[in-house]
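For reference, the structure is listed below as structure tokens.
Because only heavy atoms are used, hydrogens play no part in the values below, and waters and symmetry mates are left out as well, while side chains stay in. Count residues from 1 along the sequence.
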Amino acid sequence: MVTLNQPRTTSTPLSSPSALFSTIEAPVETEAANRTNKKTQYATRFDRLKANYKGPKIQLDANIEDEVGFSYDAFSDAVAATDYSFNRNDVVKGTVVQYDKGGCIVDIGAKASAFLPLQEAALAIEQGTQIEDIIDIDAESDFEIISEEDENGQLLVSVRRIQYREAWDKVIAMQESDEVFDAVCQSVNRGGAIFLVAGLRAFLPGSHLTGRLPDEDLIGQTLPMKFLEVNVEENKLVISNRRAVVEEQMSDLSRGDVIEGIVKALKPYGAFVEVGGMSGLLHISQISMDRIVDLEKVLQPGQKVKCMIIDHDKQNGRIALSTKTLEPEPGDMIKDPERVYEMAEETARIYHEKQEAERKKREASAKDIVLGLGDALDDLGVVGSSGSSDDNDEAGDNLDSLLN
């Protein structure tokens, strides 16, 4: 058998078992120390900014510390000893000092400047808007702290959350006053449209938009509105254009007015006519003096008509209409509706004169009845009879009140 030559090694005897363990553990301790040194040498955000700074550098005099009365080390110790009570949700004053990474740096007096992201710069931000369009350098404002300090001591702040609470306070006050307000359309969908109210998104149902459908042409337009529902807990705002228009229109309408409208729908019991954003009912019994067998032969959806208001409910925005009162001759709405519309104002004047004459006639008849009743009581000898004078005086007062 051939034996290969191997190099001779010399082993060093170990003096004790502890020497063996100390030899093994030494590299571990050295590695842990290296990790500690690397962690200690980790550059902060300020250090990175300082290293990358390319601007002019100011050379300070060697005796500057004696002139100002303190050193950098003393200043650092004072900053470290200062207690900054900045907590999440606190509202603080701050000044914008520079734009940075789609947001801006805000000095709020903390150890490090705070950061305001673009999405937190305002309540309503249009697409494509930059931070420079929303807030100016050196602008002082209120900011809400929305995060804890990061590893560099920096906080995140928000303007949007402050404006959000203020907007809801304004909306609640507007609802309590129940006033008409203007809102701008932001977008449309299948169910209606989205409008901005004090910076908040409000939903307008399609059924509450008067005179049109919610289409793309509506975007950017300003319309009068009133609230239907305000729910802060559910972040829900529902508004109505029809309610605002109806209340404004109803304030100018009275019974007997002649108005123009468009037939919107036909029903077995009559037609619905849109009048200035309101829906009025033209009952089949109020269309003509003559009996109507087929309503579709008299009216069609989309047809313009003239009607007289015979009743209204201003609180609910409902009106009852009539064309029968505008017929020059009975049955003209069936035979010649154009003649009815052409003579509507003149016919309405004659109708009002006739109604006024009938009213005066009814009052005169009622007065004659009361006077006749007084004469009858005299003939029966009520006055001056055995009854007391107080009863006679009371009967006389009642007759006087009827006559007046």
Checklist entry - Where do R242 and L209 land on the side-chain contact (heavy atoms from CB on, under 4.5 Å) test, with the steps shown first? => result CA-CA 6 Å; R242 181 168 62 85; L209 177 62; over 6 Å; no

Checklist outcome for this item: Distance col, row Q221:CD vs D182:CG, nearest 0.5 angstrom, shows 12.5 Å

Next on the checklist: I'd like to check V238 versus P205 (side-chain heavy atoms, cut-off strictly below 4.5 Å). Are they in contact?
Outcome noted: yes

Item to check | Sub-4.5 Å side-chain heavy-atom contact between I137 and V97 | outcome: no

Checklist outcome for this item: Applying side-chain contact (heavy atoms from CB on, under 4.5 Å) to I292 and not counting sequence neighbours gives I284, I287, S288, V298, I334

Checklist entry - Of all heavy-atom pairs between D332 and P328, which one has the smallest distance, and what is that distance? => result OD2-CD, 3.4 Å

Item to check | Contact check, side chains of Q98 and D138, non-hydrogen atoms, under 4.5 Å | outcome: no

Checklist entry - When you measure from the side chain of K267 to the backbone N and O of F272, does any donor-acceptor pair fall under 3.5 Å? => result no

Item to check | For I108 against G94, the heavy-atom pair lying closest together | outcome: CG2-CA, 4.0 Å

Checklist entry - Are any side-chain N or O atoms of E327 and backbone N or O atoms of M333, one a donor and one an acceptor, separated by less than 3.5 Å? => result yes

Checklist entry - Could you go step by step and tell me if E345 and R349 meet the salt bridge (Lys or Arg N to Asp or Glu O under 4.0 Å) rule? => result CA-CA 6 Å; E345 286 74 15; R349 184 185 62 79; over 6 Å; no

Next on the checklist: Measuring from atom CD of E329 to atom CG of D290, what distance do you get when rounded to the nearest 0.5 angstrom?
Outcome noted: 11.0 Å

Side chains of residues 166-173: which donor-acceptor partners sit under 3.5 Å, not counting sequence neighbours?
from, atom 1, to, atom 2, distance (Å)
W168, NE1, Y164, OH, 3.1

Checklist entry - When you look at CZ of R359, are more than 12 heavy atoms from neighbouring residues, nucleotides or ligands closer to it than 6.0 Å? => result yes

Item to check | Test: D142 and R161 ion pair at under 4.0 Å | outcome: no

Item to check | Shortest non-hydrogen separation from M289 to G331 and the atoms involved | outcome: CB-N, 4.2 Å

Next on the checklist: Once ring pair (Phe, Tyr, Trp, His ring centres under 6.0 Å) is applied, what residue pairs with a partner in residues 172-209 remain, sequence neighbours excluded?
Outcome noted: F181-F227

Checklist entry - Quick one: CD on Q300 to CG on L266, what's the gap to the nearest 0.5 Å? => result 6.5 Å

Item to check | Flag side-chain contact, heavy atom, 4.5 Å: L237 against V230 | outcome: yes

Item to check | N/O donor-acceptor pair under 3.5 Å between T129 side chain and I125 backbone | outcome: no

Item to check | Main-chain N/O of L155 paired with S147 side-chain donor or acceptor, under 3.5 Å | outcome: no

Next on the checklist: What verdict does the side-chain contact (heavy atoms from CB on, under 4.5 Å) test give for V293 and R291, after you've listed the backbone C-alpha separation in whole Å, the side-chain angles of each residue and the deciding distance to 0.1 Å?
Outcome noted: CA-CA 6 Å; V293 178; R291 182 173 178 272; 3.6 Å; yes

Checklist entry - Are any of the side-chain heavy atoms of I135 and I131 separated by less than 4.5 Å? => result yes

Item to check | Identified side chain to side chain contact (heavy atoms under 4.5 Å, CB included) counterpart of V180 within the set K226, M225, M174 | outcome: K226

Checklist entry - Where is the tightest heavy-atom contact between A344 and K306, given as atom of each residue plus distance? => result CB-CD, 3.8 Å

Checklist entry - Say you draw a straight line from CD of E274 to CD1 of I262; how long is it, rounded to the nearest 0.5 Å? => result 6.5 Å

Item to check | Note, N189 side chain near I194 side chain (heavy atom, < 4.5 Å) | outcome: yes

Checklist entry - So K93 and F143, side-chain contact (heavy atoms from CB on, under 4.5 Å) or not? Walk me through it. => result CA-CA 6 Å; K93 286 283 186 183; F143 299 89; over 6 Å; no

Item to check | Distance in Å, D257 CG paired with L321 CG, rounded so as to fall on 0.5 Å steps | outcome: 11.0 Å

Checklist outcome for this item: Here the gap from R339 atom CZ to E342 atom CD, rounded to the nearest 0.5 Å, amounts to 9.5 Å

Next on the checklist: Quick check against the 3.5 Å criterion: does S113 have a side-chain atom that pairs as donor or acceptor with the backbone of I105?
Outcome noted: no

Item to check | Heavy-atom neighbours of R165 CZ exceed 12 at 6.0 Å | outcome: yes

Item to check | Nearest atoms (heavy-atom pairs only) where P214 meets G206 | outcome: CG-CA, 4.3 Å

Next on the checklist: Quick one: does any side-chain atom of R88 pair with a main-chain N or O of I146 as donor and acceptor, under 3.5 Å?
Outcome noted: yes

Next on the checklist: Could you go through E144 and R160, starting from their C-alpha distance and side-chain angles, then the distance that decides it, and tell me whether this counts as salt bridge (Lys or Arg N to Asp or Glu O under 4.0 Å)?
Outcome noted: CA-CA 9 Å; E144 181 177 340; R160 183 184 67 85; over 6 Å; no

Checklist outcome for this item: Scanning both residues in full, the closest heavy-atom pair of K304 with Y341 reads O-CE1, 3.9 Å

Checklist entry - Is there a donor-acceptor pair closer than 3.5 Å between any side-chain N or O of Q286 and the backbone N or O of H283? => result no

Checklist entry - Do the non-hydrogen side-chain atoms of I319 and D311 ever get within less than 4.5 Å of each other? => result no

Item to check | Chi angles and distances behind the side-chain contact (heavy atoms from CB on, under 4.5 Å) call for N235, V232 | outcome: CA-CA 5 Å; N235 191 25; V232 181; over 6 Å; no

Next on the checklist: In the structure I gave you, are the side-chain heavy atoms of V157 and F115 within less than 4.5 Å of one another anywhere?
Outcome noted: no

Checklist entry - Below 4.0 angstrom, N of the basic side chain to O of the carboxylate: do E229 and K236 qualify? => result yes

Checklist entry - D100 side chain to G103 main-chain N or O, any donor-acceptor pair under 3.5 Å? => result no

Next on the checklist: Determine whether a donor-acceptor pair (N or O, by modelled atom type, separation under 3.5 Å) exists between the side chain of D133 and the backbone of Q130.
Outcome noted: yes

